[in-house]
Amino acid sequence: MQPDRDTATEPTREQKIWQVVLAIPAGMVASYGQVAAMAGLGRQARFVGRALGKLPAGHSVPWFRVLRSTGQIAFPPDSPAYERQVDLLRQDGVEVVNGRVSMSRYRWTP
DNA sequence: TACGTGACGGCGA
DNA sequence: GTCGCCGCCACGT
């Protein structure tokens with residue numbers, strides 16, 4: 001037996017991150033740094049992107065509501081995920097202009 | 001084991 | 001408001 005402290009421990013940071021993203025209401029967006037801070041990760045914004053990239057299939061996490069601190073989409077413009085995110089944001093009623101969102105207007109403030 | 005990369009942030013100009 | 005540099009942590013090779 002290996003009493004290794006992991007896998008069987010409490011929810012990992014990824015779980016915590018997904019939980020925070022789940023709390024983002026429709027029609028609003030949050031930045032990676034904001035999600036990281038709310039998840040108790042401090043400024044590990046990069047970890048948030050990594051956690052979202054590890055999302056399993058069949059999840060219900062609104063990953064598309066997470067943008068950069070500048071309001072720009074984190075994906076390259078030629079990426080399929082980019083268009084997907086834009087489309088999903090518009091379905092939420094968020095105005096996306098040139099792959100960018102007005103953070104001062106749609107930023108989620110809990 | 002060590003190096004490089006990455007769905008980023010903050011600060012200064 | 002934008003542009004560039006550095007810093008942080010985890011993962012893959």
Side-chain angles (χ1 to χ4, degrees):
Chain A
M1 325 42 151
Q2 310 101 36
D4 286 279
R5 67 287 185 266
D6 106 68
T7 64
T9 56
E10 323 88 40
T12 59
R13 296 166 213 156
E14 301 178 351
Q15 278 285 346
K16 187 74 181 183
I17 289 169
W18 300 339
Q19 193 67 34
V20 173
V21 177
L22 243 12
I24 303 175
M28 308 204 89
V29 297
S31 66
Y32 289 90
Q34 189 177 352
V35 174
M38 292 179 71
L41 302 176
R43 292 192 184 140
Q44 297 184 234
R46 304 200 93 159
F47 193 90
V48 176
R50 208 167 269 283
L52 293 179
K54 287 174 162 185
L55 277 170
H59 64 72
S60 55
V61 180
W63 57 269
F64 56 89
R65 288 175 192 156
V66 185
L67 309 172
R68 288 191 178 180
S69 62
T70 58
Q72 190 167 35
I73 292 180
F75 286 104
D78 63 338
S79 182
Y82 172 89
E83 297 182 8
R84 196 139 44 234
Q85 185 167 16
V86 173
D87 186 49
L88 289 167
L89 284 171
R90 285 176 178 167
Q91 288 183 35
D92 268 7
V94 177
E95 185 180 11
V96 183
V97 181
N98 205 8
R100 200 181 294 178
V101 176
S102 281
M103 290 301 282
S104 14
R105 190 167 140 172
Y106 294 103
R107 195 176 192 203
W108 175 42
T109 47

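Every chain is numbered from 1 and lettered A, B, ... according to where its sequence line falls, protein lines coming before strand lines. Treat the numbers as computed from the prediction; the structure is a model and nothing was measured.
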Does A/Ala51 offer a backbone N or O that forms a donor-acceptor pair with the side chain of A/Trp18 under 3.5 Å?
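Between the backbone of A/Ala51 and the side chain of A/Trp18 there is a qualifying donor-acceptor contact (under 3.5 Å).
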May I ask you to verify if any side-chain N or O of A/Ser69 is less than 4.0 angstrom from the OP1 or OP2 atom of B/dC8?
no
How is [X] classified with respect to the nucleic acid when contacts are heavy atoms under 4.0 Å: base, sugar-phosphate, or nothing?
X: A/Arg84; result: nothing
X: A/Gly33; result: sugar-phosphate
X: A/Arg68; result: sugar-phosphate
X: A/Tyr32; result: base

5' to 3' on DNA chain C, which nucleotides open and close the contacts with chain A (atom under 4.0 Å from a heavy atom)?
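In short, chain A contacts DNA chain C from C/dT2 to C/dC11.
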In terms of heavy-atom contacts, does CD of A/Gln19 have more than 12 from other residues, nucleotides or ligands at under 6.0 Å?
no
Would you kindly compare A/Lys54 and A/Ser104 by the position of their nearest DNA chain C nucleotide and give the one closer to the 5′ end?
A/Ser104
Comparing A/Phe47 and A/Thr70 on DNA chain C - which has the more 5′ nearest nucleotide
A/Thr70
How many Å lie between [atom1] on [X] and [atom2] on [N], as a whole number?
X: A/Gln34; N: B/dG10; atom1: CD; atom2: P; value: 10 Å
X: A/Met103; N: B/dG10; atom1: CE; atom2: C1'; value: 14 Å
X: A/Ile17; N: B/dA7; atom1: CD1; atom2: P; value: 14 Å

Nearest non-hydrogen partners of [X] and [Y], listed with the distance:
X: A/Leu22; Y: A/Pro62; value: CD1-CD, 3.3 Å
X: A/Leu52; Y: A/Tyr32; value: CD1-CE2, 4.1 Å
X: A/Asp92; Y: A/Ala26; value: OD2-CA, 3.8 Å

Rounded at 0.5 Å granularity, tell me how far CD in A/Gln85 sits from CZ in A/Phe75.
6.0 Å
What is the pairing partner of B/dA2, taking Watson-Crick or G-U wobble pairs with both distances under 3.5 Å in any strand?
C/dT13
A/Met28 vs A/Arg65 side-chain heavy atoms within contact, under 4.5 Å:
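No, every pair of side-chain atoms sits at 4.5 Å or beyond.
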A/Arg43 side chain, from C-beta outward: closest of B/dT5, B/dC8, B/dG10
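When the side chain of A/Arg43 is considered, B/dG10 is the closest of B/dT5, B/dC8, B/dG10.
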